[in-house]
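Atoms considered below: every heavy atom in the structure, side chains included; atoms not considered: hydrogens, waters and symmetry mates.
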Number of protein chains: 2
Amino acid sequence: MKKKVSIKDIAAHLNISITTVSLILNGKSKEVGLSDILNEKVLKYTKEIGYKPNLLAKSLRTGKTKIICLLVENIADPFFSSIAGFVEELATQRGYKIIYGSTKNDPAKTSELISLFKDRHVDGFIIAPTEELEADINNLLSEHVPLVLFDRYYPAIDTDQVVVDNFDSTYKAIQMLIAQGYKNIAFVTLESDQSQMHDRLGGYLKVMEVHGLTPCVQKIAYESVEQDACTLIKQLLSTDIPVDALFFGTNYLTLKGLEVLKDLDIAVPRDIGVISFDDHEVFKLFTPGITAVVQPVALMSEKIVELLLEQIDHKADVRQKKKIVVPGFLNVRNSTGQKK
Amino acid sequence: MKKKVSIKDIAAHLNISITTVSLILNGKSKEVGLSDILNEKVLKYTKEIGYKPNLLAKSLRTGKTKIICLLVENIADPFFSSIAGFVEELATQRGYKIIYGSTKNDPAKTSELISLFKDRHVDGFIIAPTEELEADINNLLSEHVPLVLFDRYYPAIDTDQVVVDNFDSTYKAIQMLIAQGYKNIAFVTLESDQSQMHDRLGGYLKVMEVHGLTPCVQKIAYESVEQDACTLIKQLLSTDIPVDALFFGTNYLTLKGLEVLKDLDIAVPRDIGVISFDDHEVFKLFTPGITAVVQPVALMSEKIVELLLEQIDHKADVRQKKKIVVPGFLNVRNSTGQKK
DNA sequence: TTTTAAAACTAAACCGATATAGTAAATATT
DNA sequence: AATATTTACTATATCGGTTTAGTTTTAAAA
């Protein structure tokens, strides 16, 4: 109903130029030498009428939107929603707003999202990249769009990135299983070449090799987790080799695994040990609670925002790309135990 | 690196006016009588160079952003993330983009989010309102901003809204418990006057009264669910009256309740029956699975988008507000059973 | 043949801000 | 007293589109 008031209306009402109003509203009053009296007058009036500048116009002119785009695999996943929460908090403190998107691990969808948000002139991207996204990432890079990858990265592309030490955290988790006496430890993971899955698998294979144990890996395609995960895990459990522990590469695979174990009436940890990569709020509700590798989400978020803002603030400079690796740690519950 | 090409560059390159280019790109060629030859030429060239109009400029001029804001309690909650998924799908089909925000049931935060997105000139709002948001809602209404409330509403405010029949679905769920022989059925809910919680409680009280049973209600403040829920539920279970069934007003309260039952070694459904309002992906993983009232999310999403687009498309018209109530239904698992 | 109408296109205003390049008056300097 | 500086502001171009109000050329009608 009430027509929006513009900077022009304010200038007219106060009988001054729009330039002056703009300068004052942007705190440049001192800098350019406007009188305190006028400064106060404008500030008082704009506050009084509750003036809000048109951000579209502002962005069009300045080329900045103060919006950062955060692309995660699935915003409903506890790991990603937790990162989202922290990143939003930190970005807000620095005057930025966050806009989300879920990639669902679909390269085409992700590519579209990137294009969409680029069209919307976001000031930077934080992305947990899917596979086959190299072209889009290189494209952003070549256009000098501020960008931080997290959770995963491309070994062949030089980007700012923040990831957990997937290799090492997996190594240590499996090592604990081995120390507890487990021998036939199976690794259930995604059929994926994404770096994080690659490194988790690498850590598993390495530690198994070091201890002279035979690895056993079950891979499941992301798209068919809903349909096939249970079947495949069941198959895994019905081979000749009696699996005595399961390590799941992601928390949602763990959930699937638990569904199977329930179906098959296999008791944890009596019949089988279980560890999940990535925690989940419901893991503590199971009997026993499910042990999980957890990532230092707060720390990662800090690093992510820090790296991105460095790029946004010093866009012109040629800055060395920074690659940050943070340690993961085990949240030990009772889904594994000393084997007699 | 490569400078963005504008409509002006295109006009210059083809030796025509920018008006013509704009008209053609917006498909108004026929309408205003531009020749097919020219039309083709422009379309071909813009496609060739991959021209993308500056959406900021476009929005500034037209006043439309083609963005819809969806404000939910918590995007990580299965109910809301599911609504979000459907709404996004439907909106995309109609050329709109969705931008999310989580209110966390905090009126101040929500108010800020609304203001933020209004500043960003979204074309409409879909909101699961918190308490104490009447002022903001009325404000949007008075400015004729397209708006649909869902999940909850304000009885005193005339808005478009889509909700499940909270009263009736609760009534029927409790009725099943009663039919199975449960007598001391407790209702665990939020300390909240939000319409959905109010109606769920209403359904419970009514059916208890009809069957001459004594109601027993435990209320928990949203902000302190993390801290206090477990304690309060424990208290509830240690009164003189032996509670034989628990109905939880939300899925996250159910999760808390299950944590308590596990702690106290109370078996479901042997010692106690359990029903949740709103389903959760992990309910099927429990032994036994948890019975839940589920909302017809796809249908609700359709209605929500339909109502909002009606408003956006016919902004000028004075249109009667529409209030839609859809039925909920029970997803019966085994967390309740016939009492002997 | 002149007038009218239709077809095909365009100049310029506008959306609402910021940024650049000035200007007028007051004060300081020579 | 003449000139240079500083102080306090401002006119106008600009961002990149859309929209309004024309204009020119050609075909149809009088």
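Annotation for B/K321: atom NZ counts as buried by contact number, over 12 foreign heavy atoms lying within 6.0 Å. The environment of A/Q320 atom CD is sparse: at most 12 non-hydrogen atoms of other residues, nucleotides or ligands sit within 6.0 angstrom.
A/L71 is listed as a side-chain neighbour of A/F117, based on a closest heavy-atom distance under 4.5 Å.
Residue contacts shown for A/T20 include a base, since a base heavy atom lies under 4.0 Å away. Heavy atoms of A/L55 sit nowhere under 4.0 angstrom from any nucleic acid atom. No engagement by B/L56 is indicated, since no non-hydrogen atom pair under 4.0 Å with the nucleic acid exists.
OP1 or OP2 of D/dG16 has not a single side-chain nitrogen or oxygen of B/K4 nearer than 4.0 Å. For B/S6 and D/dG16, the shortest distance from a side-chain N or O to OP1 or OP2 is not below 4.0 Å. Within the 4.0 Å cut-off from OP1 or OP2 of D/dG16, not a single side-chain nitrogen or oxygen of B/Y51 is found.
B/K64 has its NZ atom 19 Å from the C1' atom of D/dG16, to the nearest Å. Going from atom CG of B/L38 over to atom P of D/dT24 covers 19 Å, rounded to whole Å. Spacing between atom CD1 of A/I16 and atom P of D/dA11 amounts to 11 Å, rounded to whole angstrom units. In this entry the distance linking CD of A/E31 with C1' of D/dT7 reads 15 Å, nearest Å. In this structure, A/N15 atom CG and D/dT10 atom C1' are separated by 13 Å, rounded to whole Å. With rounding to whole Å, B/I7 atom CD1 is found 8 Å from D/dT18 atom C1'. Distance A/D36 CG to D/dA8 P: 9 Å, rounded to the nearest Å. For the pair A/D119 CG and D/dG16 P, the interatomic distance rounds to 14 Å; values are reported in whole Å.
Of the residues listed (A/T46, A/V21, A/V42), the one engaging A/Y51 in a side-chain contact (heavy atoms from CB on, under 4.5 Å) is A/T46, and it is the only one. Applying the side chain to side chain donor-acceptor pair (under 3.5 Å) test between A/E73 and each of A/R152, A/Q194, A/K104 identifies A/R152 as the sole match.
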- [ ] Evaluate the salt bridge (Lys or Arg N to Asp or Glu O under 4.0 Å) criterion for residues B/D36 and B/K30: first the C-alpha distance (whole Å), next the side-chain angles of each, then the deciding distance (0.1 Å), finally the verdict.
- [x] CA-CA 8 Å; B/D36 287 358; B/K30 274 268 144 46; 3.6 Å; yes
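Remark: A/D9 does not engage A/K4 in a salt bridge, criterion side-chain N to carboxylate O under 4.0 Å.
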With the criterion being N/O to N/O and under 3.5 Å, what pairs connect the protein with nucleotides 19-21 of chain D, and how long is each?
| from | atom 1 | to | atom 2 | distance (Å) |
| --- | --- | --- | --- | --- |
| D/dT19 | OP2 | B/K28 | NZ | 3.2 |
| D/dT19 | O4' | B/R61 | NH1 | 3.4 |
| D/dT19 | O4 | B/T19 | OG1 | 3.2 |

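A side-chain N or O of A/S115 and one of B/K52 form a donor-acceptor pair less than 3.5 Å apart. Side chains of B/Q161 and B/Y154: a donor-acceptor N/O pair is absent below 3.5 angstrom, by distance only.
Counting 5' to 3', DNA chain C first comes under 4.0 angstrom of a heavy atom of chain B and last does so at the ends given by C/dA8 to C/dG16.
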